[in-house]
Amino acid sequence: MKVLVQIMKNLEIIGQPLPNIPWEERPEGCKAPVWRYSANPVIPRNLLPDSNSIFNSAVVPFEGAFAGVFRCDDKNRRMTLHAGFSKDGIHWDINPETIKFSCDIPEVAEWVYGYDPRVVKIEDKYYVTWCNGYHGPTIGVAWTTDFKTFHQTENAFLPYNRNGVMFPRKIDGKFAMLSRPSDTGHTAFGDIFYSESPDLEYWGHHRHVMAPAPFEVSAWQCMKIGAGPVPIETSEGWLLIYHGVLRSCNGYVYAFGSALLDREKPWKVIARSGQYLITPETLYELVGDVPSVCFPCANLYDPETGRIAIYYGCADTVTGLAFGYIQDIINFTKRTNIL
Ligand code: BMA
């Protein structure tokens, strides 16, 4: 059940209280709406005996603690998904065995690869979406109640698609998802779209949400964009953290910013940050298997205080954590709005 919390005179945040959210206060002198955890990265690349890298991963509150689905590329450099658990959201116990999805649809059950998972709780189930190999990348969907058994359903879309992110409640009585149609490779374009499904099998009602921004307006998001963590419902709209990509003379640079989407028609964008929240700056973001990547896939938040903890992949190698206050991020989104 969702609860609604009045946090400031003019802002309500919808969600369950999370007093045990991982947290560190804003460093002295920091004026930015989001700051990095001083002990980053929280998940090292070699946490598992066979892992080459652990990044772009999704966590949720679970039974008074935390659980998640982690992108672990192994030392064959295969992209695999693993379940993990944590008492504090910072120290993670990730299963060395990959998730074996249970699936009674033979065409869907055949595992090719999986990466960049998101996890969302809707009613009594946790839904996992990820970039699933099926004649190219598309959006795989599964659900679990215990993070031990995962039930895989039909892929949501035709290939090629990435960054499938579901909303935490049904909209107009249907499941709702953001996604980013793409190609087979390192897609050099990409807009965010919205789709709905009555049954998690048939998706339609496709709507355009956002395109990359013009280079002269907001260069960090001028080549492609994709939804990041599960959107957070507030009285100001859905707060969406999303990644944007700049094509520099040295390759792609992945940063992230924020947008507000209409609560009942989430394809309508209310505001969109012209500035980034986080761009690669630290050594662990600038150096790794893919340099200069900050790729957010999850957030935890406490509606009573407005605290948010954002999990993001760093340089396709390790996982970092950043903190902020939802009210500050909303103000930032409006203050730097490019619409
Ligand atoms: C994207 C995805 C992400 C990755 C990013 C940077 O296309 O593959 O998993 O973090 O590229 O390499």
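Each ligand, and each atom within it, is numbered from 1 in the order the structure gives. Computed from a prediction, not measured in an experiment: that's the story for all the values here.
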Exercise for the section: Using only heavy-atom distances, determine whether the side chains of Lys100 and Thr98 contain a donor-acceptor pair under 3.5 Å. Expected result: yes

* To do: Tell me yes or no: between the side chains of Glu201 and Trp203, is some donor less than 3.5 Å from an acceptor?
  => no

So ring-ring contact (aromatic ring centres under 6.0 Å, His included) across residues 161-193, not counting sequence neighbours, yields Tyr127-Phe175, Phe167-Tyr194, Phe167-Trp238, Phe193-His208

Of Asp116, Asp316, Thr317, the residue with the heavy atom nearest atom 10 (O) of ligand 1 is Asp316

Result for ring-ring contact (aromatic ring centres under 6.0 Å, His included) between Trp220 and one of Tyr242, Phe256, Tyr252 points to Tyr242

Per-atom filter on ligand 1: closer than 4.0 angstrom to a heavy atom of Tyr254 are 1 (C), 5 (C), 6 (C), 7 (O), 11 (O)

Any heavy atom of Asn56 under 4.0 Å from ligand 1? The part involved is side chain

Atom 8 (O) of ligand 1 has as its nearest protein heavy atom Tyr115 CE1, 3.8 Å

Checking heavy atoms under 4.0 Å, the part of Arg71 that sits near ligand 1 is side chain

Within a 6.0 Å radius of atom CG on Asn250, are there more than 12 heavy atoms belonging to other residues, nucleotides or ligands? no

